[in-house]
Visitor: 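Sharing a structure below in structure tokens format, with a few things to ask.
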Amino acid sequence: MRTIRKADFIAPSLAATTLGPIMLDVAGTTLDAEDIRRIRHPQTGGVILFARNYTNRKQLTALTAAIHAARPGILIAVDHEGGRVQRFKAGGFTKLPAMRTLGALWERDVLQATNVATAVGYILAAELRACGVDLSFTPVLDLDHGESGVIGDRAFHRDARVVTLLAKSLNHGLLLAGMANCGKHFPGHGFAEADSHVAIPVDERPLQAILAEDAAPYDWLGMSLSAVMPAHVIYPKVDKHPAGFSRKWLSMLRNKMGFEGVIFSDDLSMEGASVAGSVLDGARAALKAGCDMVLICNAPDKADQLLAGLRPGTSPVARATAARSAARLLALLPTAAAPDWQDLQQDLRYQAALRLVQSL
């Protein structure tokens with residue numbers, strides 16, 4: 001397998017500085033003219049896929065190839081964590097465990113838990129990359145406080161130290177398959193009971209309590225963390241804005257914790273984002289707070305509002321900020337070719353990882 005350069009799959013006319021700050025979705029299992037129009041818009045920089053975009057592996061591979069053809073260098077992502085959040089399941093994709101399963105294994109055998117976490121990360125990334133997907137929004141770094149139904153078994157453990165070490169092992173597996181990672185939901189969604197998809201969660205704890213526990217994995221993971229997605233949660237003792245729209249929270253992530261990777265907003269169409277106003281208001285607020293890319297899902301009309309209304313800044317500061325964001329996004333793209341599905345099945349490392357996961 002040859003190593004390829006980013007320049008091999010990024011057209012010269014679509015250099016990093018032209019990648020836009022919007023990640024949007026597509027309607028179905030193939031691209032229609034409206035999908036292509038949105039993907040080619042200069043403000044678009046990514047596409048997120050969902051279960052509705054999947055019929056089988058051949059179709060998925062054709063879809064991702066069509067997206068990359070329409071916009072070379074674009075980032076294709078998916079929420080593919082394992083457990084109940086795994087978008088592609090049938091047709092040969094390995095059924096991945098919920099992360100709480102790895103936390104439970106930690107209680108019995110620490111070393112085996114880290115080994116299996118690495119295997120899960122490798123299988124997750126290798127299978128997605130074999131179908132043309134560049135990034136999964138994983139791992140979940142929220143603590144399992146037993147309060148949040150939407151997080152629940154998506155969390156590794158209650159102990160921030162265990163979450164950190166299992167996430168680091170999973171990230172290692174992703175990296176072995178050539179995929180970056182995205183920790184979520186900063187600074188922590190596990191204590192807030194409400195589901196930010198349909199409500200506006202609130203976490204009343206003081207800053208020091210959040211930093212000491214829930215936010216600690218973001219600090220401890222250090223350089224092994226490629227990207228972060230903030231929570232649509234309000235922490236009123238810290239800021240009146242949800243974390244993804246809060247310069248105070250995102251500045252802490254950048255300056256206090258030294259995070260240099262990509263910051264993605266969570267989906268702007270979720271109820272937890274409604275406090276920012278319209279979807280355009282939310283996108284502007286998220287980017288102003290420090291996000292590099294904003295997500296808009298399941299709402300093509302709102303995606304069109306963003307594409308029409310979100311204009312790049314023209315000041316030197318705005319141009320420099322956009323260039324830094326584009327460079328960070330470029331760093332998330334795989335830098336080596338992925339094997340096709342059939343070659344992957346014969347890969348000895350993949351087979352060994354599969355045995356570990358199937359032993360759970």
Side-chain angles (χ1 to χ4, degrees), residues 21 99 117 121 135-145 148 151 154-172 174-175 179-192 196 201 203 205-266 272 285-295 320-321 324-332:
M99 295 302 100
L135 178 72
S136 176
F137 288 116
T138 189
V140 170
L141 300 180
D142 302 315
L143 304 191
D144 190 2
H145 287 280
S148 174
I151 301 302
R154 296 166 66 192
F156 287 105
H157 204 274
R158 171 65 179 82
D159 189 325
R161 297 167 298 180
V162 177
V163 169
T164 300
L165 293 174
L166 287 175
K168 194 165 191 176
S169 295
L170 186 133
N171 287 351
H172 184 209
L174 296 173
L175 184 62
M179 183 177 283
N181 61 74
C182 181
K184 59 188 186 184
H185 307 83
F186 177 80
H189 197 320
F191 193 82
S196 56
D203 185 336
R205 292 176 298 164
L207 174 62
Q208 288 309 313
I210 298 168
L211 292 179
E213 286 203 281
D214 297 65
Y218 296 89
D219 193 5
W220 294 336
L221 281 166
M223 293 175 64
S224 71
L225 201 56
S226 309
V228 165
M229 179 178 285
H232 283 329
V233 176
I234 297 174
Y235 309 86
K237 289 187 170 59
V238 182
D239 193 0
K240 65 181 180 180
H241 303 293
F245 307 109
S246 168
R247 181 176 290 275
K248 186 175 292 186
W249 275 117
L250 300 190
S251 294
M252 274 190 273
L253 179 64
R254 290 282 190 216
N255 301 326
K256 180 179 175 61
M257 300 178 184
F259 177 67
E260 296 292 340
V262 173
I263 302 178
F264 291 97
S265 83
D266 207 342
L287 293 170
K288 185 177 180 180
C291 288
D292 298 294
M293 177 170 273
V294 296
L295 273 67
T321 299
R324 285 194 296 271
S325 291
R328 292 185 186 116
L329 289 163
L330 181 64
L332 294 183

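A quick note: this is a predicted structure, and the numbers were derived from the prediction, not measured.
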Visitor: Are the side chains of V233 and P242 in contact, using a 4.5 Å heavy-atom criterion?
Guide: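 Sidechains of V233 and P242: no contact.
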Visitor: Quick check: does any side chain N or O of Y235 sit under 3.5 Å from a backbone N or O of G188, one acting as donor and the other as acceptor?
Guide: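 Yes, the answer is positive, given that a donor and an acceptor are paired below the 3.5 Å cut-off.
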Visitor: For the atom pair CZ (R324) and CZ (R328), what is the distance rounded to the nearest 0.5 Å?
Guide: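 Here the rounded value is 6.5 Å.
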Visitor: Looking only at heavy atoms, which two atoms of G261 and D292 are closest? And how far apart?
Guide: O-OD2, 3.7 Å
Visitor: Could you pull out the closest heavy-atom pair between L141 and G183, with the gap in Å?
Guide: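 It is CD1-CA, 3.8 Å.
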Visitor: To the nearest 0.5 Å, tell me how far M257 CE sits from L211 CG.
Guide: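 The CE atom of M257 sits 5.5 Å away from the CG atom of L211.
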Visitor: For the backbone of L221 and the side chain of T164, can you confirm whether one donor and one acceptor N or O come within less than 3.5 Å of each other?
Guide: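 No, T164 side chain to L221 backbone: no donor-acceptor pair under 3.5 Å.
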Visitor: Can you tell me if D214 uses its side chain to pair, donor with acceptor, with the backbone of G190 under 3.5 Å?
Guide: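 Looks like no, no N/O pair under 3.5 Å.
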Visitor: Where is the tightest heavy-atom contact between C182 and M229, given as atom of each residue plus distance?
Guide: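 Of all heavy-atom pairs spanning C182 and M229, the closest is SG-N, 3.8 Å.
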Visitor: Given side chains that start at C-beta, do those of I263 and R254 come closer than 4.5 Å, heavy atoms only?
Guide: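 The answer is yes, as the side chains (C-beta and beyond) meet within the 4.5 Å cut-off.
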Visitor: Distance from L174 atom CG to S169 atom OG, nearest 0.5 Å?
Guide: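 The CG atom of L174 sits 11.0 Å away from the OG atom of S169.
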Visitor: Is there side-chain contact between K288 and F245, with heavy atoms separated by less than 4.5 Å?
Guide: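 A side-chain contact is absent here, since even the closest heavy-atom pair is not under 4.5 Å.
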Visitor: Rounded at 0.5 Å granularity, tell me how far CZ in F137 sits from NE2 in H185.
Guide: 10.0 Å
Visitor: When you compare the side chain of H157 with that of V163, does any pair of heavy atoms fall below 4.5 Å?
Guide: yes
Visitor: Look at E213 together with R158 and state whether they make a salt bridge at an N to O cut-off of under 4.0 Å.
Guide: yes
Visitor: So how far is it from S246 OG to K240 NZ, rounded to the nearest 0.5 Å?
Guide: 11.0 Å
Visitor: Given side chains that start at C-beta, do those of K168 and W220 come closer than 4.5 Å, heavy atoms only?
Guide: no
Visitor: Can you tell me how far CG of N171 sits from CE of M223, rounded to the nearest 0.5 angstrom?
Guide: 13.0 Å
Visitor: Which heavy atom in C291 sits nearest to a heavy atom in G244, and how many Å separate them?
Guide: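 Heavy atoms of C291 and G244 come nearest at SG-O, 3.6 Å.
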Visitor: Locate the shortest heavy-atom distance separating N181 from S224; write the atom from each residue and the value.
Guide: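 Residues N181 and S224, closest heavy atoms: ND2-O, 2.9 Å.
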Visitor: Do the non-hydrogen side-chain atoms of M99 and L170 ever get within less than 4.5 Å of each other?
Guide: yes
Visitor: Just to verify, what does D203 make a side chain to side chain donor-acceptor pair (under 3.5 Å) with, not counting sequence neighbours?
Guide: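 Side chain to side chain donor-acceptor pair (under 3.5 Å) list for D203, sorted by chain: R205.
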Visitor: Any donor and acceptor pair, going by atom type alone, linking the side chain of D142 with main-chain N or O of H189 inside 3.5 Å?
Guide: yes
Visitor: Of all residues at least two apart in sequence or in a different chain, which pass the side chain to side chain contact (heavy atoms under 4.5 Å, CB included) check with A180?
Guide: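 Listed in chain order: L135, S226, L332.
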Visitor: Does any part of the side chain of P139, heavy atoms only, come nearer than 4.5 Å to the side chain of F156, both counted from C-beta?
Guide: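 Side-chain contact under 4.5 Å: yes.
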Visitor: Look at the rings of W249 and F186 and say which category their plane angle falls in: under 30° parallel, 30 to 60° tilted, over 60° perpendicular.
Guide: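 Ring orientation of W249 relative to F186: perpendicular.
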Visitor: Taking K248 for the side chain and V238 for the main chain, is one N or O donor matched with an acceptor at less than 3.5 Å?
Guide: yes
Visitor: If you count every heavy atom of other residues, nucleotides or ligands that lies below 6.0 Å from K237 atom NZ, does the total exceed 12?
Guide: yes
Visitor: Taking all non-hydrogen atoms of both residues into account, name the closest pair between P230 and D266 and its distance.
Guide: O-CB, 3.9 Å
